[in-house]
Amino acid sequence: MTDVLLLPGDGIGPEVTEQVRRVASRLANDLAIEERAFGGSSFDQFGAPLTDDTLALAQASKAVLMGAVGGPAWADAPRHLRPEAGLLNLRTGMAVFANLRPAICFDALADASSLKREVVQGLDIMIVRELTGGVYFGQPRGIETLADGQRRGVDTQVYTTSEIERVSRVAFELARGRRNKVTSAEKSNVMETGLLWREVVTALHAKDYPDVQLEHMLADNAAMQLVKNPKQFDVIVTDNLFGDILSDEAAQLTGGLGLLPSAALGAPGTPGLFEPIHGSAPDITGKGVANPLAAILSFEMALRWSLGRADLADRLKAAVVGALEDGARTPDIGGTLSTGQMADAVIAKL
Ligand code: IPM
Ligand code: MG
């Protein structure tokens, strides 16, 4: 059985996943690692961003580790063949409905944030984004031409109670192992799905998690509070679209987009999908300067959440923190190390 399916993808994806391979062979050389094309590179080779074979292998692996997808080369491809469509199909095909996006400010990097040090120092937020529903997938959707010649675009935001409940459960469980607080973000003041979201979270809290502190916050206010006083948050649970936006905002607070991993999880016992939060970064592709830490920390999350190797995850995390404390820096965080040298610094700590 494949332990880890690597999907390097596009842009800097292959550059950073190559470093994951090096770290993995140092840390856990018993892992069975497979690799497949994904995103634009899969489209170029096979005519589809995610082939049936690759999805089947993903479903049969213990963990899937992705680099990044997308880039200007595929911007004009039809929507269903774009690299991003491959990613959405992978998420639904693996049924990974809960997306854990940590925003952690490493002490060594507190000055790299665009916010003041005292606002972000020690920041440790976990955003739990619903990942397989909402407006990303709701029907009907499309662009039609009206009788008067205008065009009309439609997207549909839709959630069921079970979709809201299962992702909220993940948030409450996580909070118990952290600072025991969940903030649920929606727009219940204007949206029906927002109102349902609030009702379902409130009921689940009362039934199974009364010991956890629950707070409801409108998503626009949450966006503001994130830059005003981000340390008030512990776990934030929110829908697919708000989670997409709030997680980018939270990542920027830490000053290190190149450092943040993510984990997408489904039902217990099913494989997780792990990916750096950064994108394919066409502007620096091929230059050997991409920061590999987000990918390496995504592997750390895979060890912890899907491979049952929390011991190795702890060692890897300590090695990353140690390398940063020693001053190891790629250009995105103010240094001069290459992608490979940054991985060397982590491997040296192992
Ligand atoms: C993300 C990305 C994706 C999303 C894109 C690439 C489809 O922005 O993972 O946050 O919108 O979910
Ligand atoms: Mg995004």
Side-chain angles (χ1 to χ4, degrees), residues 62-63 91-92 94-104 123-138 157-219 221-222 225-226 230-247 250 261-274 301-302 304-308 310 313:
K62 287 189 189 154
R91 288 172 179 169
T92 48
M94 293 178 67
V96 282
F97 57 83
N99 190 195
L100 279 47
R101 297 191 160 193
I104 294 169
L123 184 74
D124 179 359
I125 301 176
M126 179 67 87
I127 296 190
V128 180
R129 169 190 179 190
E130 198 292 323
L131 199 62
T132 52
V135 74
Y136 272 60
F137 299 98
Q157 164 85 337
V158 47
Y159 273 110
T160 60
T161 45
S162 61
E163 285 176 311
I164 300 168
E165 209 177 284
R166 64 186 183 179
V167 72
S168 305
R169 198 174 279 290
V170 171
F172 285 122
E173 294 284 344
L174 277 169
R176 278 184 176 159
R178 297 170 48 98
R179 299 189 301 282
N180 212 35
K181 178 177 173 189
V182 170
T183 304
S184 170
E186 29 63 9
K187 284 285 287 177
S188 56
N189 54 343
V190 286
M191 298 172 71
E192 301 306 321
T193 47
L195 189 57
L196 182 68
W197 188 282
R198 188 174 287 221
E199 289 174 6
V200 171
V201 173
T202 302
L204 179 68
H205 175 251
K207 181 161 90 63
D208 290 344
Y209 301 96
D211 54 300
V212 180
Q213 186 191 342
L214 170 65
E215 161 188 72
H216 299 282
M217 196 180 278
L218 297 176
N221 186 29
Q225 295 297 333
L226 267 175
K231 283 190 258 180
Q232 71 184 283
F233 296 108
D234 179 17
V235 176
I236 298 176
V237 63
T238 190
D239 76 14
N240 205 341
L241 182 60
F242 294 144
D244 181 42
I245 297 167
L246 295 178
S247 64
S262 74
L265 307 176
T270 62
L273 169 61
F274 302 85
M301 289 188 96
R304 197 177 297 282
W305 294 98
S306 286
L307 299 168

Checklist entry - Just by modelled atom types, is the Asp211 backbone N or O under 3.5 Å from a matching donor or acceptor in the Arg176 side chain? => result no
Checklist entry - When you measure from the side chain of Asn240 to the backbone N and O of Leu131, does any donor-acceptor pair fall under 3.5 Å? => result yes
Checklist entry - Between Val135 and Thr193, is a side-chain contact (heavy atoms from CB on, under 4.5 Å) present by the stated rule, with each step listed? => result CA-CA 10 Å; Val135 74; Thr193 47; over 6 Å; no
Checklist entry - Can you tell me how far CZ of Arg129 sits from CD1 of Ile245, rounded to the nearest 0.5 angstrom? => result 9.0 Å
Item to check | Side chains of Asp124 and Arg178 in contact at under 4.5 Å (non-hydrogen atoms) | outcome: yes
Item to check | Interatomic distance, Phe274 atom CZ to Leu100 atom CG [nearest 0.5 angstrom] | outcome: 9.0 Å
Next on the checklist: Test side-chain contact (heavy atoms from CB on, under 4.5 Å) on Glu186 and Met191; report intermediate values, then the result.
Outcome noted: CA-CA 8 Å; Glu186 29 63 9; Met191 298 172 71; over 6 Å; no
Item to check | Sole residue of Asn189, Ile164, Leu218 in side chain to side chain contact (heavy atoms under 4.5 Å, CB included) with Arg198 | outcome: Leu218
Next on the checklist: Taking Gly308's backbone N and O only, do any of them form a donor-acceptor pair with Lys62's side chain (distance below 3.5 Å, no angle check)?
Outcome noted: no
Next on the checklist: Once ring-ring contact (aromatic ring centres under 6.0 Å, His included) is applied, do any residues pair with Phe172, and if so which ones, sequence neighbours excluded?
Outcome noted: His205, Tyr209
Checklist entry - Side chain of Ser306, backbone of Ala302: donor and acceptor closer than 3.5 Å? => result no
Next on the checklist: What verdict does the side-chain contact (heavy atoms from CB on, under 4.5 Å) test give for Leu226 and Ile236, after you've listed the backbone C-alpha separation in whole Å, the side-chain angles of each residue and the deciding distance to 0.1 Å?
Outcome noted: CA-CA 11 Å; Leu226 267 175; Ile236 298 176; 4.3 Å; yes
Checklist outcome for this item: Rounding to 0.5 Å, atoms CG (Leu214) and OG1 (Thr202) come to a distance of 6.0 Å
Checklist entry - Just by modelled atom types, is the Phe233 backbone N or O under 3.5 Å from a matching donor or acceptor in the Thr183 side chain? => result no
Checklist entry - Which value, rounded to the nearest 0.5 Å, describes the distance between Trp305 atom CH2 and Leu265 atom CG? => result 6.5 Å
Checklist entry - Do Asn180 and Gln213 come close enough that some side-chain heavy atom pair is under 4.5 Å? => result no
Checklist entry - Minimum heavy-atom separation for Ala222 to Met217, with atom names? => result CA-SD, 3.5 Å
Item to check | Flag for Gln157-Asp239: side-chain donor and acceptor within less than 3.5 Å | outcome: yes
Checklist entry - What heavy-atom pair brings Ala185 and Phe242 nearest, and what distance separates the two atoms? => result O-CD1, 4.4 Å
Item to check | Closest heavy-atom pair and its distance - Pro230, Leu123 | outcome: CB-CD1, 3.6 Å
Item to check | Nearest-0.5 Å distance, CZ of residue Arg101 to CE of residue Met301 | outcome: 11.0 Å
Checklist entry - Tell me, do Glu163 and Val167 make a side-chain contact under 4.5 Å, heavy atoms counted? => result no
Checklist entry - So which heavy atom on Val237 is nearest to which on Ser168, and how close? => result CG2-CA, 4.2 Å
Item to check | Any residue meeting ring-ring contact (aromatic ring centres under 6.0 Å, His included) with Tyr159, in chain and number order, not counting sequence neighbours | outcome: Trp197
Item to check | Glu130 (side chain) donor-acceptor with Thr132 (main chain) under 3.5 angstrom | outcome: yes
Checklist outcome for this item: For Val96 and Gly272, the nearest pair of non-hydrogen atoms, with its separation, is CG1-CA, 4.4 Å
Checklist entry - Would you find more than 12 non-hydrogen atoms of other residues, nucleotides or ligands less than 6.0 Å from Glu192 atom CD? => result no
Checklist entry - Atom CD1 of Ile104 and atom CE of Met126: how far apart are they, to the nearest 0.5 Å? => result 7.0 Å
Checklist entry - Any side-chain heavy-atom pair from Asn99 and Val128 closer than 4.5 angstrom? => result no
Item to check | Arg91 side chain vs Ala264 backbone, donor-acceptor pair below 3.5 Å | outcome: no
